[in-house]
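Letters A, B, ... mirror the listed sequences (proteins, then strands); counts begin at 1.
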Amino acid sequence: MLLEVRDLRIAYGDIEAVHGVSFSVEEGELVSIIGANGAGKSSILNAIMGLVPSRSGSIRFKTAEISRMAAHERARAGIRLVPERARVFPRLTVMENLRVGLYGIHDRSREEKQLEWLYSLFPILAERSGQNAATLSGGEQQQLAIARALISDPRLLLVDEVSMGLMPKLVEEVFTVLQELNRQKGLTILLVEQNALASLEISKRSYVLETGRIQFEGESRVLKDDPRIREAYLGL
Amino acid sequence: MSEYSITIGTLIAIQAIVACGLNVIVGYAGQISLGHAAFFGIGAYASALLTTAGGLSFWSALPIVLGITGLIGLFLGLPSLRLREDFLAITTIGINFIVVSVFQYVPFFGGALGIGGIPRIVLFGERIRGVSFLLLSAGFLAITLLICWLFTRSWSGLACFALREDETAASSMGVSPVRFKLTAFILGTAMAGLGGALYAHFMRFISATDFGFPMSVMILSMVVLGGMGTLWGPVLGALVLGILPEVFRPLTDYRMFLYAALLLLMIRFQPGGLLGENSLARQTLSRLKGGKS
């Protein structure tokens, strides 16, 4: 098991947002957590990354307990996050944004290889490499955020609401890229999404989160045909 | 060059060094500091005491001075790890007042009389004064700028920029906020210490009021005016704010009013500073080069 979360509770002040959630992600899997706005999806990803403290419960990554580690230490251990709304560094160039992703891995030859690969994955970033990230469109920023996370060759990629604010064609493109990364490079991905249909389609397994609790879990194929989920999340 | 313009030039070079230090903290790492003059003062007092009571030469005292200011900078940088911007601003103002009153009221630091009789700097058997002191200060400024430039091109510099832009995103890329905020504070305050040491041996008499809150505001104004986060901004800011009061000497009474008006105009029309991004100077420059955008 690459990631194992047990009885995770997350609270903001007195208000508990996530009430004891357990799930796991195996090496090479693409797993999604779907649910409505405010269900606690992003809180869970942020707690795994270490950006939000967990009130209780355990988070194990590669068999080590990481729930008390600082965010940058978890990043060093091989977890990377594509944050909600991209959060690129606006006044740094595209190239500099990508290089921050390589921080701590000072290896020139690898830097060039990774850049070449990412530019082939997202050609627009090559075109814009000298431009400030603030000048990119929302979709381009989202691609930059993904590339910035990928450049370090993470063991686990956390993806937070990547479809938010993107036009449908781009959502499809981004999801295809994620699926290919998972299938061809064996990248382990934990995806958190409001866009239930798209994430059920590309993921192997899924968890359905409702107001801080997991209500359903299983193979994405099966969940997609479950009448309760079809009604509540897919609008079918 | 007249003695008068040499004096002005030397003071500008010294203040530019101090402003470069503040730029590392404010411009590169994005941490607000309104008490930078405290470190300017700590450097000056440390060098003055080490060379008078301590009997050291300027050169053997200098590494100790840089060490002391950097260490105190590290210690006083600790609040930045826990405080939000507005509280950090107030805390750093407080630090400035505390340092000044320690200098003023503790007899060890000469009290209200300050410290006098600070020896001249001796280099190659020569006592440095006049033009030589100006050149020496300019040399130290060049070294400071070189260090700033190297820092911005290094991984540490990139990490600082990332922190300034988005601390959360940076820490999830493996950048330790603690480490780089403190690095910026140490580097920035040590530069202020260098400026202080030069100032002490140039004036040869220092007192606590030289390093009060108004001086902090002045240094911050230099950084903001020239362009936060740029390499040459603080130097340009020091030049402009160093020369203006001389040019407008007849208007001495209105000097503060002019500064305030200048700052407000800058923030309204050129928020990035004279050399900042999208500033008039930058745009003109790129147009002259005939480059794109």
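Looking at A159(B), only its side chain comes within 4.5 Å of chain A, counting heavy atoms on both sides. Neither the backbone nor the side chain of R74(A) comes within less than 4.5 Å of any heavy atom in chain B. Heavy atoms closer than 4.5 Å to chain B are found nowhere in L158(A), neither backbone nor side chain. When heavy atoms are compared at a cutoff of 4.5 Å, N132(A) approaches chain B solely by way of its side chain, counted from C-beta outward.
Chain B forms the most heavy-atom pairs under 4.5 Å with one residue out of E96(A), R99(A), Q131(A), and that residue is R99(A). Looking only at heavy-atom pairs under 4.5 Å with chain B, the residue among A145(A), G50(A), P90(A) that has the most is P90(A). With chain A as partner, the option from A169(B), S172(B), G229(B) having the largest number of non-hydrogen pairs under 4.5 angstrom is S172(B). The choice from A70(A), G104(A), A75(A), S152(A) that makes the most heavy-atom pairs within less than 4.5 Å of chain B is A75(A).
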Chi angles and distances behind the side-chain contact (heavy atoms from CB on, under 4.5 Å) call for R164(B), R91(A): CA-CA 10 Å; R164(B) 173 193 74 196; R91(A) 287 183 296 167; 3.3 Å; yes

Check against side-chain contact (heavy atoms from CB on, under 4.5 Å), N97(A) and M173(B): CA-CA 10 Å; N97(A) 265 273; M173(B) 300 281 111; over 6 Å; no

Criterion side-chain contact (heavy atoms from CB on, under 4.5 Å) on W155(B) and L102(A), from CA distance to verdict: CA-CA 10 Å; W155(B) 282 102; L102(A) 271 180; 3.9 Å; yes

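Of all non-hydrogen atoms in F89(A) and D166(B), the two that sit nearest each other are CE2-O, 3.6 Å. Residue L92(A) comes nearest to F161(B) through the heavy atom pair CD2-CB, 3.7 Å, listed as atom of the first residue, atom of the second, then distance.
Heavy atoms from other residues, nucleotides or ligands lying under 6.0 Å from CZ of R179(B) number 12 at most.
The NE2 atom of H72(A) sits 10.5 Å away from atom CG of L163(B), with the distance rounded to the nearest 0.5 Å.
Contact check for S171(B) versus L51(A): side-chain heavy atoms found under the 4.5 Å cut-off.
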